[in-house]
Amino acid sequence: MQWDDSVNAGFTTGTPWLKVGKSYPLINVENEIKGPIFTFYQKLIALRKELPIIAEGSYQPAYEDSPQVYAFEREWQGQKLLVLNNFYADPITVDILPDYQNGQVLLSNYGKTQIDHVMTLQPYETLAILVGEN
């Protein structure tokens with residue numbers, strides 16, 4: 001594990017039996033804890049604990065005709081959740097399913113807070129929309 005940017009990546013003060021990766025000054029736990037990916041995963045974990053729909057809800061694929069968007073819906077006790085993921089470097093425009101057009105943005109790695117009938121997912125964007133009682 002590359003812990004920090006110190007000698008031997010903070011793994012040991014002795015001589016390691018395996019060489020430390022060349023990337024350790026930049027790619028290490030200490031840097032990542034300060035970064036956006038770590039904090040995004042913290043939000044995901046908190047939401048999973050807070051909202052049973054994320055772990056308990058039924059799963060149904062969505063937008064299956066789009067090769068660029070991985071999307072799915074979950075339903076649980078009157079709630080519905082739509083998760084849209086653009087795993088590509090190019091933006092893509094999607095028509096938001098009617099059931100979700102008046103929902104709330106639950107999670108966005110681009111800071112979106114408003115839902116439109118048609119939305120553009122930016123490169124590597126994730127957007128989760130929740131409808132129903134919290």
Side-chain angles (χ1 to χ4, degrees):
M1 177 64 75
Q2 298 181 158
W3 292 110
D4 56 34
D5 62 359
S6 67
V7 176
N8 297 322
F11 180 72
T12 182
T13 56
T15 303
W17 63 282
L18 291 174
K19 289 184 182 181
V20 175
K22 293 178 184 177
S23 63
Y24 80 90
L26 297 174
I27 301 173
N28 58 63
V29 173
E30 184 177 59
N31 283 344
E32 187 49 45
I33 286 176
K34 302 170 194 168
I37 295 172
F38 182 80
T39 54
F40 188 74
Y41 272 88
Q42 283 182 311
K43 288 178 188 175
L44 288 173
I45 292 167
L47 285 171
R48 187 175 191 277
K49 290 178 180 179
E50 178 185 331
L51 299 172
I53 189 172
I54 294 172
E56 304 291 330
S58 63
Y59 173 90
Q60 179 69 36
Y63 297 85
E64 291 181 279
D65 57 337
S66 174
Q68 191 170 331
V69 176
Y70 169 67
F72 60 91
E73 293 181 90
R74 287 193 176 273
E75 289 188 44
W76 190 77
Q77 293 189 356
Q79 290 184 319
K80 292 178 75 172
L81 177 68
L82 174 65
V83 179
L84 302 162
N85 302 281
N86 178 6
F87 289 140
Y88 290 86
D90 297 317
I92 186 166
T93 300
V94 295
D95 294 325
I96 300 301
L97 299 171
D99 287 355
Y100 297 94
Q101 292 176 1
N102 293 316
Q104 75 176 73
V105 174
L106 185 61
L107 185 72
S108 168
N109 61 331
Y110 272 77
K112 288 183 178 167
T113 58
Q114 184 177 331
I115 301 164
D116 296 317
H117 295 357
V118 176
M119 297 186 72
T120 299
L121 295 177
Q122 298 303 318
Y124 310 108
E125 181 172 3
T126 291
L127 178 65
I129 303 169
L130 181 68
V131 294
E133 295 289 322
N134 260 351

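All of these numbers come straight from a predicted model, not from anything done at the bench.
- Screening residues 111-127 for side chain to side chain donor-acceptor pair (under 3.5 Å) gives N85-T126, T93-T120, Q101-H117, K112-E125, Q114-D116 as the qualifying pairs, with residues at least two apart or on separate chains.
- Partners of D99 by salt bridge (Lys or Arg N to Asp or Glu O under 4.0 Å), not counting sequence neighbours, listed by chain and number: K80.
- As a member of the Ile/Leu/Val/Met/Phe/Trp/Tyr network built from side-chain separations under 4.5 Å, V118 groups with nothing else and remains a singleton.
- Hydrophobic clustering of Ile, Leu, Val, Met, Phe, Trp and Tyr side chains at less than 4.5 Å, counting indirect connections, keeps I96 apart from L106.
- Atom CZ of R74 and atom CD of Q79 lie 12.5 Å apart (nearest 0.5 Å).
- Judged as a side-chain contact (heavy atoms from CB on, under 4.5 Å), and not counting sequence neighbours, the contacts of S23 are Q2, I27.
- The side chain to side chain donor-acceptor pair (under 3.5 Å) contacts involving residues 62-72 comprise Y59-Y70, Q68-N86, where partners must be two or more places apart or lie in separate chains.
- In terms of heavy atoms, S108 sits closest to L127 at CB-CD1, 4.0 Å.
- Linking ILVMFWY side-chain heavy atoms closer than 4.5 Å, directly or via other members, places F72 and F87 in a single hydrophobic cluster.
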Test log, rule side-chain contact (heavy atoms from CB on, under 4.5 Å), inputs W3 and N28
CA-CA 5 Å; W3 292 110; N28 58 63; 6.0 Å; no

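- V7 belongs to no multi-residue hydrophobic cluster, having no ILVMFWY side-chain contact under 4.5 Å with any other such residue.
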Take L51 and L81, measure what side-chain contact (heavy atoms from CB on, under 4.5 Å) needs, and give me the verdict at the end.
CA-CA 10 Å; L51 299 172; L81 177 68; over 6 Å; no

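- Contact annotation: the side chain of V83 never approaches that of L107 to less than 4.5 Å [non-hydrogen atoms, C-beta and beyond].
- The hydrophobic clustering, which links ILVMFWY residues whose side-chain heavy atoms are closer than 4.5 Å, places V105 and V94 together.
- In the hydrophobic clustering of ILVMFWY residues, with side-chain heavy atoms under 4.5 Å counting as a link, I115 and L97 come out together.
- Residue pairs that meet the salt bridge (charged side-chain N to carboxylate O under 4.0 Å, His left out) test with at least one member in residues 13-29, sequence neighbours left out, do not exist here.
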Show the numbers, then the answer: is there a side-chain contact (heavy atoms from CB on, under 4.5 Å) between N102 and V131?
CA-CA 8 Å; N102 293 316; V131 294; over 6 Å; no

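- For S6, the side chain to side chain donor-acceptor pair (under 3.5 Å) test picks out D4, with sequence neighbours left out.
- In this structure A62 satisfies the side-chain contact (heavy atoms from CB on, under 4.5 Å) test together with A71, E73, L82, sequence neighbours excluded.
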Name the atoms and distances for all side-chain donor-acceptor pairs under 3.5 Å in residues 37-47, with sequence neighbours left out.
from: T39; atom 1: OG1; to: G35; atom 2: O; distance (Å): 3.4
from: T39; atom 1: OG1; to: P36; atom 2: O; distance (Å): 3.0

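- Between P123 and A89 the shortest heavy-atom distance is CG-O, 3.1 Å.
- Within the 3.5 Å criterion, the main-chain N or O of G14 finds a donor-acceptor partner in the side chain of N8.
- Within the structure, salt bridge (charged side-chain N to carboxylate O under 4.0 Å, His left out) pairs that include any residue of residues 8-17 do not occur (at least two apart or interchain).
- Within the structure, the ring pair (Phe, Tyr, Trp, His ring centres under 6.0 Å) test picks out no pair touching residues 4-29 (sequence neighbours left out).
- Smallest separation of non-hydrogen atoms from V20 and A9: CG1-CB, 3.6 Å.
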